There are 2 protein chains.
Amino acid sequence: MAGRPREFDRDEALAKARDLFWERGYEGVSMSDLVDAMGIASARIYAAFESKEALFQEAVMLYASGEGGFATRALAEESTILDAFERLLRDAVLLYTRPNHPHGCMIVMAATNYTINNQAVRTRLGRYRRDRAASLHERLKMASEAGELKPDADPRALAEFYAAFLHGLSVQAADGVPRDMLLSTLSPALSPLKNALLAKADDL
Amino acid sequence: MAGRPREFDRDEALAKARDLFWERGYEGVSMSDLVDAMGIASARIYAAFESKEALFQEAVMLYASGEGGFATRALAEESTILDAFERLLRDAVLLYTRPNHPHGCMIVMAATNYTINNQAVRTRLGRYRRDRAASLHERLKMASEAGELKPDADPRALAEFYAAFLHGLSVQAADGVPRDMLLSTLSPALSPLKNALLAKADDL
DNA sequence: TCAATTCTTTGTCGATCAACAAATAATGTG
DNA sequence: CACATTATTTGTTGATCGACAAAGAATTGA
């Protein structure tokens with residue numbers, strides 16, 4: 001079997017599609033935009049990725065498993081809750097303001113407003129965002145059960161607070177707020193968590 | 001002068017357009033969607049509002065001077081910085097989760113991702129968002145100069161922090177996070193400001 | 001009454017949208 | 001070699017996009 005070999009690098013083309021979707025969102029990118037950016041004719045895109053929606057989905061998964069995975073990594077790899085959230089927020093700012101890349105989080109930016117036809121795309125991205133909030137919640141519950149937090153701390157409220165802030169960082173970055181400015185917001189942003197920690201030493 | 005009188009209520013039609021744009025964004029709404037929602041033929045829309053973009057702009061202004069003005073009002077009408085921000089955030093949650101209305105903030109949701117042709121719309125809404133951050137900054141500087149804040153508090157960082165959180169609330173609301181949940185995030189959200197206040201009594 | 005003015009209806013414009021069909025080209029396997 | 005298989009090229013499809021032109025309808029002032 002095995003017919004004519006593919007002439008373009010599928011991963012490379014997918015990465016280009018991801019960047020375009022990242023910058024302009026699903027509906028902000030037309031097939032002809034993709035043709036230009038990926039450098040291959042539309043029929044080839046359909047052959048390799050099935051449809052625009054499937055291509056977008058795959059691009060989102062590429063993002064989520066790559067740069068977008070910073071949150072998962074921070075939550076899993078840091079041992080204290082404070083270290084985890086400090087790193088998570090810091091990595092978020094760095095990613096959202098990376099030079100020569102689209103600003104903001106792809107999953108936040110790429111699907112807020114949508115045509116009737118494409119509500120499924122919007123809903124799916126909403127689910128991704130809810131999953132992120134859930135993972136924050138999980139990590140905070142863990143910390144609470146491990147005795148890191150005050151007994152009256154509310155892990156769910158803290159989780160939704162940080163989810164909101166994280167999403168907001170993305171909007172700010174897309175609006176061009178500079179990296180240093182966003183980094184300076186992390187000190188106030190971490191104070192709710194610090195207030196919820198069981199006291200060791202009083203800092204600030 | 002004065003020819004045939006208009007048969008439809010311009011303000012009413014504009015409000016319907018605003019709600020549709022609020023829910024689905026500028027590009028998420030087509031002229032034929034507007035025709036259906038406003039109940040008038042497209043040529044009438046052009047006669048009364050000039051273009052889709054001008055209609056959108058007017059709808060945004062209607063929003064900004066109405067429901068969207070909660071921030072301006074809170075900042076202007078409350079005398080202490082804490083009261084102002086408490087009310088601002090609370091009003092934001094209430095507006096963003098109002099039943100029988102689109103969820104989230106129109107100015108945050110209606111233009112994050114956009115086609116090349118409509119970057120002007122995106123840019124303009126970005127400017128609105130930056131203006132909001134600037135007004136938070138102004139109010140915090142006022143408070144600082146009035147001696148409400150600790151000398152080492154950073155009004156600019158606090159302003160951008162609250163701007164980010166506010167924008168994030170909008171994303172959360174649009175994703176269906178319930179009102180009570182969002183209200184419970186306000187307690188952590190206010191702790192950075194409380195930490196920056198010159199001490200009077202220590203409340204948790 | 002009639003002319004000027006404004007609104008409404010109807011139909012349509014060229015452009016662009018996502019998606020594919022058909023034909024041609026290049027590979028491996030038997 | 002021939003044939004099955006897969007890629008690429010080219011062109012087109014019907015739908016929908018935003019925007020308007022032209023003509024009829026309703027009103028006011030002269």
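Owing to the predicted nature of the structure, the values given are computational and were not obtained by experimental measurement. Each chain gets a letter, A, B and so on, in the order its sequence line appears, and its residues count up from 1.
- Judged by closest nucleotide on DNA chain D, A:S42 is the one of A:S42 and B:E50 placed further toward the 5' end.
- Where B:R4 and B:S30 meet DNA chain D, the nucleotide closest to each residue was compared, and B:S30 sits on the side nearer the 5' end.
- Protein atom CD1 of B:I45 is 14 Å distant from nucleotide atom C1' of C:dC7, rounded to whole Å.
- C:dG11 atom C1' lies 16 Å from atom CZ of B:R44, rounded to whole Å.
- None of B:E50, B:M38, B:K52 except one satisfies the side chain to side chain contact (heavy atoms under 4.5 Å, CB included) rule with B:I45; the exception is B:M38.
- C:dT10 atom P lies 17 Å from atom CE of B:M31, rounded to whole Å.
- Using a 3.5 Å distance cut-off with no hydrogens or angles, the side chains of B:N118 and B:T115 do not pair a donor with an acceptor.
- Remark: P of C:dT16 and CG of A:D33 are 11 Å apart, rounded to the nearest angstrom.
- A:V29 comes within contact range of the sugar-phosphate backbone alone, with a heavy-atom separation under 4.0 Å but no base atom that close.
- At whole-Å resolution of the value, CD1 in B:I116 and P in C:dC17 are 11 Å apart.
- Candidate nucleotides D:dT9, D:dT8, D:dA21 were compared by shortest atom distance to the side chain of B:A43, and D:dA21 ranks first.
- The distance between atom CG of A:D9 and atom C1' of D:dA7, rounded to the nearest whole Å, is 15 Å.
- Residues A:F165 and B:F165 keep their aromatic ring centres 6.0 Å or farther apart.
- Nucleotide C:dT9 holds its P atom 10 Å from the CZ atom of B:F8, rounded to whole Å.
- For A:P5, the listed nucleotide lying nearest its side chain is C:dA26; candidates were D:dG18, D:dC20, C:dA26.
- Separating the OH atom of A:Y46 from the C1' atom of C:dC20 is a distance of 8 Å, rounded to the nearest angstrom.
- For the pair B:E58 and B:R18, the salt-bridge criterion is not met [side-chain N within less than 4.0 Å of a carboxylate O].
- Under 3.5 Å, the side chain of A:S32 and the base of C:dC17 form no donor-acceptor pair of N or O atoms.
- Between the side chain of A:D175 and the backbone N or O of A:V177, no donor-acceptor pair lies under 3.5 Å.
- Nearer to the 5' terminus of DNA chain C, by closest-nucleotide assignment, is the contact made by A:K52 (compared with the other of A:K52 and A:E7).
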